[in-house]
Amino acid sequence: MARPLERSTLVGVVAVIEGPADAFRCTEIRRQGAEVEASGREFGGPGGISTVMRQGEPDWHRELGVRTVADAMAPTPVPTADRTRRRPASERMPA
């Protein structure tokens with residue numbers, strides 16, 4: 001996180017904040033619906049949402065790997081960006 005904004009990729013920022021795990025974490029919501037009494041065999045494989053999200057994971061990794069923090073801040077008005085840079089990190093995002 002000490003790199004210049006122009007060399008800090010957004011996928012790198014996500015990795016620092018979230019860790020190396022996939023961004024999508026399946027919570028098996030399909031097992032929590034009206035048919036919770038259904039047998040486990042009905043849920044043997046991954047669900048449709050999980051499958052599609054995991055298929056999309058490489059695409060967003062690739063896209064955010066070529067985008068930098070400077071790219072993301074480009075449309076931000078200069079006074080706002082300057083104020084954000086000057087504030088300590090502990091004040092920027094609540095824990």
Side-chain angles (χ1 to χ4, degrees):
M1 297 294 292
R3 289 185 186 145
L5 300 179
E6 296 77 18
R7 290 186 41 227
S8 297
T9 65
L10 294 177
V11 76
V13 171
V14 171
V16 167
I17 295 170
E18 298 291 329
D22 290 343
F24 177 74
R25 292 171 184 92
C26 183
T27 59
E28 281 293 347
I29 61 171
R30 63 190 176 152
R31 294 182 188 220
Q32 301 168 24
E35 300 294 326
V36 290
E37 299 91 27
S39 75
R41 289 176 295 196
E42 292 181 41
F43 305 112
I49 292 173
S50 180
T51 298
V52 170
M53 295 298 286
R54 292 185 195 288
Q55 288 170 343
E57 188 103 9
D59 295 333
W60 81 261
H61 269 268
R62 196 169 28 260
E63 185 66 24
L64 295 184
V66 298
R67 307 289 179 176
T68 66
V69 174
D71 295 334
M73 291 189 71
T76 305
V78 173
T80 302
D82 287 345
R83 273 195 314 275
T84 302
R85 285 188 193 105
R86 285 194 304 265
R87 285 178 32 205
S90 61
E91 294 177 15
R92 287 187 213 145
M93 288 200 302

Legend entry - Contact check, side chains of Cys26 and Arg54, non-hydrogen atoms, under 4.5 Å: yes
Inset, instruction - Nearest 0.5 Å please: distance from the NE2 atom of His61 over to the OG1 atom of Thr9. - result: 10.5 Å
Inset, instruction - Quick one: closest heavy-atom pair of Glu57 and Phe24, and the distance? - result: OE1-N, 3.6 Å
Inset, instruction - Spell out, yes or no, whether Leu5 and Val14 are grouped together once hydrophobic residues are joined by side-chain heavy atoms under 4.5 Å, including indirect joins. - result: yes
Inset, instruction - Examine Met73 and Ile17 and state if one hydrophobic cluster contains both, with Ile, Leu, Val, Met, Phe, Trp and Tyr joined whenever side-chain heavy atoms are less than 4.5 Å apart. - result: yes
Legend entry - Glu6 side-chain N/O to Thr68 backbone N/O, donor-acceptor pair under 3.5 Å: no
Legend entry - Crowding at CZ, Arg7 (>12 non-hydrogen neighbours, <6.0 Å): no
Legend entry - From Ser50 atom OG to Gln55 atom CD, the distance as rounded to the nearest 0.5 Å: 9.5 Å
Legend entry - Pro20: partners by side chain to side chain contact (heavy atoms under 4.5 Å, CB included), with sequence neighbours left out: none
Inset, instruction - Provide the closest heavy-atom pair for Arg25 versus Glu18 in the form atom of the first, atom of the second, distance. - result: NH2-O, 3.9 Å
Inset, instruction - List in chain and number order the residues that pass side chain to side chain contact (heavy atoms under 4.5 Å, CB included) with Leu64, two or more places apart in sequence or in another chain; answer none if no residue qualifies. - result: Leu10, Val11, Trp60
